[in-house]
Structures are given as structure tokens and as C-alpha cells.
Amino acid sequence: MRISLTFLFFLVSSGLFAQFSFEFNPSIPVTVNSNSINNPWAGGLNYSQFADFDFDFDGDLDLYVFDRSSNNIRVFLQEGTGINRHYEFLYNADQYFPSDIRYRSTLVDFDNDGRKDLFTYGIGGLSVYRNVGNVVDGLQWELFDDLLYSQYPNGYSNLYVSSSDIPAIIDVDGDGDIDVLTFHISGQHVEYHQNQSMELYGIPDSLKFIVKNECWGKFSEDLNTSSVVLNDPNSPCVGGNIANPERGIIEIAAKHAGSTILAFDSNNSGVLDLVLGDVSYTNLTLLVNGGTAPNTDSPMISQDNNFPSNTIPANMQLFPASFYLDVDFDGVKDLIVCPNAKNVSENRTSVLFYKNLGTTNNPTFIYTEKNFLQKDMIDHGTGAVPVFVDINEDGLEDMIIGNFYQYKDVLDKESVLSYYRNTGTTNSPAFTLIDDNYLDLNLANYGLRSIPTFGDIDGDGDQDLLIGREDGTLVYFQNMSTGSGAVFASGQINYKDNLNQTITVNSYCFPQLFDLNNDGLLDLILGKKTGELVYYRNIGTSSSPSFQLSNSNLGNIDVSTANPDGYPSPHFFRYNGETRLILGDLTGRCNFYTGIDGNLDPTESFTLISDNYANIKTQAYSSFWINDLNNDGNLELYVGQDLGGVYRFEHDPNSTASLTESSYENTVVLYPNPTSHTFTISSVEKRIQFVQLTNLEGKIIDSLAIDANKVSIDSSLYPSGIYFVNIQLENGEIVVKKMIKN
């Protein structure tokens with residue numbers, strides 16, 4: 001599926017602005033382990049939280065994934081029917097959600113209106129957005145409460161949930177409104193916050209809570225292990241007293257920093273059992289509830305510390321969180337397990353899928369795979385960096401993907417290169433994963449964020465390799481190819497400049513070989529961790545390079561923000577004889593510069609066109625590459641990003657959008673695309689007034705007068721082919737999308 005995202009690509013030439021219009025385009029196939037993967041350009045996952053809801057109001061449940069890595073939001077639409085149902089990635093879905101979602105989020109229909117509402121972090125607790133969308137206007141949110149409160153014995157206080165925790169937001173007592181189970185601030189006991197909506201108003205449209213039980217389930221978590229003490233004889237688990245919610249912060253909280261809770265009925269008893277994950281452990285613990293409805297004060301009677309023990313138990317490094325939802329379209333809820341501790345956890349095969357062979361209220365879980373969704377994506381840990389070069393010398397550019405790091409057992413990290421060979425043709429590229437540890441880079445001890453750049457610096461006709469290291473230096477690999485593929489000699493560390501001094505930027509060197517001064521010799525540009533670029537001019541010859549420090553703050557660029565680091569990732573390219581720069585950084589921005597040619601001296605500055613160019617969002621560690629793989633004369637843009645994957649965009653030469661027509665391009669989407677039957681147009685900001693479809697010959701195929709933010713159009717009677725969809729918004733602006741009808 002292709003979701004259109006058209007944006008301006010400003011190029012300054014002779015004082016005029018020329019425009020490029022790109023679309024997110026996942027059409028290039030990718031094969032991994034002999035399988036053509038379904039969502040290769042979806043960007044990856046790391047530390048995910050799962051929920052389901054009807055995103056597009058079409059009657060089926062789509063998949064919502066919130067990733068703690070950098071508060072990333074992903075939506076996967078349920079498409080197809082019957083045995084052909086599958087998930088398709090929706091690019092840029094975060095634009096449909098509030099901008100302040102962080103730490104955690106889930107979707108629960110608290111007001112019983114058939115639309116799932118959004119629960120996320122509020123300072124010291126929970127914030128709630130009510131889903132007020134509909135089939136006409138699309139997904140819409142309104143802030144319901146920026147912080148939920150609960151009645152404690154000593155007065156109202158915020159319903160406390162640690163920023164590291166995941167609570168259970170569920171109807172505990174079966175009265176029809178949504179309650180909350182969360183660990184006490186001490187971290188030992190689970191508090192039951194009963195929603196008083198039904199008791200007070202008789203309808204479940206409010207979120208007014210009272211602490212009904214400060215030791216729900218009558219257990220306590222051991223401070224030194226992930227096991228629990230059943231029927232804890234100490235207060236508040238006995239005696240019926242509700243303790244001060246501030247109790248034990250100094251003595252206890254420091255020892256127990258986080259827990260995750262999943263509440264569901266595991267044995268068809270009619271009461272809720274719990275699955276717990278602990279911040280310091282890799283396992284899940286199932287607690288079985290021995291009570292009966294209404295489930296407000298019944299004890300847990302057994303524990304399984306290797307849940308689910310009937311199959312391969314969950315073992316997720318580190319701090320596992322579990323989620324209960326149907327992800328295989330059989331109507332029965334399954335179990336998903338993910339790490340909840342970012343930066344120290346598994347970040348590549350980090351979504352465990354346990355298929356439920358039983359029923360939703362009496363499940364039987366069977367371990368199925370360790371990389372649900374991820375197996376269908378390019379995913380290489382954290383901070384992917386795509387680089388294109390013809391490795392096997394067949395005339396087709398292959399793709400090398402570096403990364404900041406991927407998880408390495410136990411509690412360690414490593415940086416590797418992955419080699420995707422272009423197994424397509426000159427006009428129809430396709431990639432096949434050949435080696436996910438190319439050159440055995442993990443054995444070389446170069447540190448994290450080992451970044452490659454290729455170029456023929458010795459003039460022998462093949463592509464040599466430089467790798468930027470974590471310590472700020474470079475490693476040189478001479479290509480000894482004889483014409484049948486790259487053969488790299490052993491790496492030479494501490495690559496030298498013209499004065500025989502080690503070239504270094506002190507830490508996290510991001511190199512690019514590029515003829516910056518256009519003299520026919522490849523120069524060397526280095527990104528510094530602190531946010532600047534360093535320029536080494538090649539003063540040697542075509543067969544004997546010699547790099548001289550020319551500018552230690554190239555273009556007067558500094559992409560560091562409030563964080564003292566910037567992690568710039570430069571990609572210089574030349575179009576129509578003019579040099580441009582797209583620069584990624586730590587915060588995930590797309591920084592676009594012109595005014596480069598003739599401005600390479602230390603006193604000169606490049607022209608920043610935008611630091612949020614094209615509204616591309618990677619949340620962190622963005623990197624970019626521009627080329628034309630399919631040789632159609634239209635540029636392609638590849639974007640490496642935080643979650644270890646790559647986005648792919650392609651220039652749309654048929655776009656008729658003008659500079660003034662483009663301001664709403666990013667907020668209007670058309671999906672699914674390609675389509676066989678029905679497609680949907682959704683506008684976030686402005687209502688749609690008119691839609692007109694034309695074919696490639698300009699003939700009008702269909703016209704519709706509309707007054708809504710969202711419309712679905714039946715295209716089943718349209719002939720197969722390419723159409724242009726002209727969308728007029730309420731302010732008169734026109735957005736043009738290209739639609740493919742199968």
C-alpha cells in the first residue's frame with residue numbers, strides 16, 4: 001500500500017525555486033530468508049506497546065503501536081478479507097494523534113460509545129483523550145482530562161502511575177465502567193482504583209476514582225526477585241486499612257523501579273488474573289485469582305514465574321510488558337510480549353507472539369515467533385543509516401545499512417553493517433538480504449555507530465571503504481576487486497591526513513566521501529557528535545588521496561539543540577550542477593541546506609531552507625540518501641531512522657501542486673494505494689469540499705461534491721490504471737494525489 005505524502009523539495013537555481021513532490025512509496029520489494037516481506041519500508045520497532053482500535057472507521061480493528069524508543073507512533077491498517085487479511089503500514093500516522101504522548105499509551109473505550117479512547121502519561125499518572133472521530137470526519141481527539149485523580153483517605157491526589165510502569169486499565173468489578181490497577185508508589189502492592197461513574201451516574205462516561213483496595217489480590221512483590229508473596233500477612237494486605245499513598249518512598253521505591261500489568265481472565269473463572277513484568281528481570285509472572293465476581297477483594301492463589309509455562313516461556317531482555325489482543329484475525333485474543341526498558345533491551349527481535357489456540361477467556365498460548373511485524377520490515381536495531389553502492393559490481397546499486405547499535409546478549413550493544421544486494425534490474429530494483437553482519441564488523445571492536453562511506457579514492461575503478469568509529473577516527477578498507485565484486489583488504493585504523501596526523505572528530509565520526517569543491521577528487525566530510533561538520537579537502541591525486549583539514553565548522557552548521565549533542569549525518573548530493581545537503585540529526589529532523597558552492601571557507605555559511613524539511617518524522621537519529629535506483633529520471637529519497645528501519649519516498653513527476661497549494665499536502669492522505677475496490681481520502685486540518693478523478697489522458701472519470709474530513713470512494717468500476725485525484729479543501733487549496741487501481 002502506498003500512502004501519499006507530497007511535499008516541497010526546494011532547490012535554489014538562478015534565484016528561482018524549483019519544486020519536487022515526493023510520495024512515500026514502499027513498492028520496491030525486499031526479500032529476507034527467501035521470503036518477500038510485506039512491509040519492508042515500515043521503519044522497524046524497538047520497545048513497543050500494542051493496542052487495537054478502528055483507525056479508519058471501516059468496522060475492523062487496526063493495530064496501534066507505541067514505541068518507547070522516542071515516543072514513536074505506528075499504525076498498521078487491517079486490509080483484505082478472509083484468509084487474505086493482513087496489516088499494511090500507514091506512514092506518518094502520528095499526525096492523527098496528540099503531540100504530547102510519551103512513556104506509554106493504550107486505547108480503551110471508557111465511555112462505551114464504541115470508539116476506543118487514548119490513555120497516556122500525565123505528570124505522575126494518567127492523561128486521557130476522548131475519541132470523538134467518526135466515519136465522515138475521520139479520527140479526532142479531544143482532551144478529556146490532563147491528569148486523573150483518585151480519592152484517598154486523606155483527600156484527592158493524582159492517581160499515581162510511575163512513568164516506567166504500564167498499568168491495567170480495565171473493568172475490574174464488571175459494572176460497566178473502566179477501573180485502574182496500578183502499583184503503589186512503593187512498588188510492592190497493586191492498588192485498585194474503582195471508577196465511580198456507574199455508582200454516581202449510572203452511565204460509564206466519567207473517570208472518577210476511589211482507592212477501593214490498596215493491596216488488590218492480597219499479594220506483594222518481593223523487593224529482591226520477580227516472585228510474589230501470596231496472602232501477604234502485612235498491612236495493607238490484611239486489616240482492611242488503606243495506607244498513606246506516600247508510604248515507603250525512601251525505603252522501598254529505590255529498590256523497585258518499575259512493573260507492567262496485564263489483567264485478563266486466564267481460566268474462564270469470571271475474575272481477572274494478572275501477568276506481571278519486573279524492571280530488573282526477563283520473565284513474566286502469572287498470578288491466578290482465586291475469587292469470584294465482583295473481584296474487588298479476592299486473593300491470588302497461585303503463581304507461575306515462567307509464564308506461559310506450557311510452551312516456550314517469555315524471556316525478554318529486559319523488563320517485559322505483555323498485551324492481550326487478536327493479531328492474527330481469528331477473533332481470539334493472542335499474547336504479545338515486548339521489552340519496556342529502552343536502550344538496554346532487545347531492539348531487533350523484540351516482539352514475541354504467542355498464538356492463542358483456546359478462547360479469549362480460557363487461552364492456550366503457543367510460542368510462535370520472536371519478531372512479530374519486525375520479520376516483515378527492514379529492522380536493524382536503533383538508528384539505521386542507508387548507504388547505496390554497487391558491492392557486487394553488476395551495475396546495480398546495492399544497499400548497505402549501518403546502525404547506531406543493536407542489542408547483544410547480555411546487556412551489551414554492537415554496531416554492524418547489513419548488505420542488501422540489488423537483485424532486480426536496471427529499471428525494476430529489488431533487494432535481497434545477503435548478510436546481516438557484513439565484513440564481520442561486530443568482531444572488529446570499532447564501537448557503536450560504525451558508519452560506512454564508499455568511494456574510489458585510489459583511482460583503480462572500484463569502491464573503497466571508510467568507516468567512522470565511535471572514538472571519532474576512521475578505518476580504511478582498500479577494495480582489491482578484480483571486477484567480480486568488492487574484496488576489501490584488512491582495515492587500517494587511525495586513517496591519516498596530509499600531515500600524517502590521525503583524522504579525528506573525537507567521538508562518533510559520521511563520514512561522507514563527496515567531491516565537495518567539484519575538482520574531480522573525492523573530499524571527506526565528517527559529522528561530529530557535538531553537531532558540527534568538518535571538511536577535509538583532497539589535495540592529492542586521483543590515485544593517491546591526501547586529505548587536508550580545510551574547515552572545522554563547515555557551513556557554520558550546528559544541529560545540537562537543548563541536548564549538547566547533535567549526531568549530524570551529512571548527505572551531500574548534486575542536482576543540475578548545484579550542490580545540496582540533507583542533514584539528519586539526533587532529534588530526527590530533516591535539515592535542508594543550499595548555498596554551498598563557493599561557500600566552503602570557514603567564514604562562509606550555508607543557507608538553511610528548513611530544519612523540519614518535508615515534515616519527515618523519525619523521532620531520532622535521522623539519516624538520508626538521494627538517488628535514482630529505477631533510472632526513470634525521478635529522484636528517490638531513503639530515510640534511516642530511530643527504530644532501525646528505512647522509509648522510501650519517490651518523486652512524483654506528475655504532481656501539479658504549486659507552492660501555494662502545498663501547505664496541506666502532509667495532512668491529506670489517500671489509502672489504500674494501490675487499491676482494488678474502495679479507497680479513502682482523509683484530511684486532518686481542512687474539510688474536503690470536492691474530489692475529481694482524471695486518468696493519464698486528462699479525462700474526468702468521476703466527480704464528487706463532499707463536505708467532510710473523510711470520504712471513502714468505490715473504485716471497483718474504474719478500469720485498472722493510474723489516476724490523479726484532485727482534492728479541493730474548504731479554503732480553496734488543491735491537493736493532488738496519484739492513485740493506482742489494480
Side-chain angles (χ1 to χ4, degrees), residues 9-18 387 451 453-459 464 466 468 472-474 476 495-506 508-560 566-585 589-611 613 623-627:
F9 191 103
F10 294 101
L11 297 176
V12 181
S13 178
S14 303
L16 299 176
F17 286 93
V387 174
I451 305 300
T453 183
F454 296 86
D456 183 10
I457 61 175
D458 57 7
D464 306 299
L466 288 172
T473 65
L474 293 162
Y476 171 55
Y495 191 63
K496 310 294 185 183
D497 65 9
N498 64 306
L499 300 176
N500 202 36
Q501 300 294 311
T502 297
I503 296 174
T504 182
V505 292
N506 297 320
Y508 290 104
C509 176
F510 193 113
Q512 184 188 4
L513 286 166
F514 182 80
D515 183 6
L516 192 58
N517 61 352
N518 210 13
D519 66 352
L521 300 176
L522 289 174
D523 304 305
L524 183 60
I525 303 100
L526 308 176
K528 297 176 60 176
K529 178 187 178 186
T530 50
E532 305 88 9
L533 300 182
V534 178
Y535 170 39
Y536 281 83
R537 184 166 63 92
N538 189 345
I539 61 172
T541 66
S542 60
S543 60
S544 181
S546 180
F547 295 105
Q548 179 185 64
L549 179 61
S550 179
N551 190 341
S552 59
N553 190 11
L554 181 63
N556 283 311
I557 289 172
D558 184 355
V559 293
S560 62
Y567 290 98
S569 55
H571 179 68
F572 288 89
F573 67 102
R574 194 163 281 122
Y575 184 81
N576 284 341
E578 192 168 339
T579 306
R580 320 279 193 258
L581 168 63
I582 294 185
L583 185 67
D585 63 22
R589 295 177 298 180
C590 184
N591 305 279
F592 182 64
Y593 295 86
T594 61
I596 297 167
D597 294 320
N599 293 314
L600 304 181
D601 294 334
T603 59
E604 304 293 343
S605 299
F606 298 162
T607 301
L608 176 64
I609 299 299
S610 174
D611 63 359
Y613 191 61
S623 63
F624 303 91
W625 192 279
I626 281 183
N627 57 15

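Predicted model only: the values in this text are computed from it and were never measured.
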query: So which heavy atom on P602 is nearest to which on S550, and how close?
result: CG-O, 3.9 Å
statement: Taken to the nearest 0.5 Å, the spacing of T473 OG1 from N506 CG works out to 10.5 Å
field: Shortest non-hydrogen separation from S542 to L521 and the atoms involved
entry: N-CD2, 3.5 Å
- prompt: Between G584 and F624, which heavy-atom pair has the shortest distance, and what is it?
  reply: CA-CE1, 3.6 Å
task: Quick one: sort the F606 and F572 rings into parallel, tilted or perpendicular, breaks at 30° and 60°.
output: perpendicular
task: Taking the side chain as every heavy atom from C-beta outward, state whether N599 and S605 have any atom pair closer than 4.5 Å.
output: no
- request: Could you tell me the separation between the CG atom of L513 and the OG1 atom of T453, rounded to the nearest 0.5 Å?
  value: 4.0 Å
Heavy-atom closest contact (V559 atom, P568 atom, distance): CG2-CB, 3.8 Å
message: Tell me the closest heavy-atom pair linking Y575 and R580, and the distance in Å.
response: O-NH2, 3.8 Å
Verdict with supporting geometry, D597 and N518, side chain to side chain donor-acceptor pair (under 3.5 Å): CA-CA 9 Å; D597 294 320; N518 210 13; over 6 Å; no
query: Looking at CD1 of I596 and CZ of F573, how far apart are the two atoms once the value is rounded to the nearest 0.5 Å?
result: 8.0 Å
task: Using a 4.5 Å cut-off on heavy atoms from C-beta on, say whether the side chain of L581 contacts that of I557.
output: yes
- request: Return the minimal non-hydrogen interatomic distance between D523 and N517, and the atom names on each side.
  value: OD2-OD1, 3.0 Å
task: Apply side chain to side chain contact (heavy atoms under 4.5 Å, CB included) to K529 and Y567, showing your working.
output: CA-CA 4 Å; K529 178 187 178 186; Y567 290 98; 3.3 Å; yes
- request: Check for a donor-acceptor pair, side chain of N538 on one end and backbone N or O of L524 on the other, with a separation under 3.5 Å.
  value: no
message: Quick check: do L554 and L600 have side-chain heavy atoms less than 4.5 Å from each other?
response: yes
K528 and L533, any side-chain heavy atoms less than 4.5 Å apart: no
- prompt: Quick one: does D464's side chain get under 4.5 Å of D456's, heavy atoms only?
  reply: yes
- request: Nearest 0.5 Å please: distance from the CG atom of L526 over to the OH atom of Y536.
  value: 6.5 Å
field: Side chains of V534 and N551 in contact at under 4.5 Å (non-hydrogen atoms)
entry: no
query: Do H571 and I626 come within less than 4.5 Å of each other through their side chains, counting heavy atoms only?
result: yes
task: Measure from the side-chain N and O atoms of N591 to the backbone N and O of L583, and report whether any donor-acceptor pair falls under 3.5 Å.
output: yes
query: S560 and D558: side-chain donor and acceptor closer than 3.5 Å?
result: yes
- prompt: Hey, what do you get for CG (D611) to SG (C590), rounding to the nearest 0.5 Å?
  reply: 10.0 Å
- prompt: Are the side chain of D497 and the backbone N or O of I503 linked by a donor-acceptor pair below 3.5 Å?
  reply: no
message: Is there a side chain to side chain contact (heavy atoms under 4.5 Å, CB included) between L608 and Y593? Walk through the geometry before answering.
response: CA-CA 5 Å; L608 176 64; Y593 295 86; 3.6 Å; yes
query: How many angstroms lie between atom CD of Q512 and atom CD1 of I451, to the nearest 0.5 angstrom?
result: 12.5 Å
field: pair L474-P511: side-chain heavy atoms closer than 4.5 Å
entry: yes
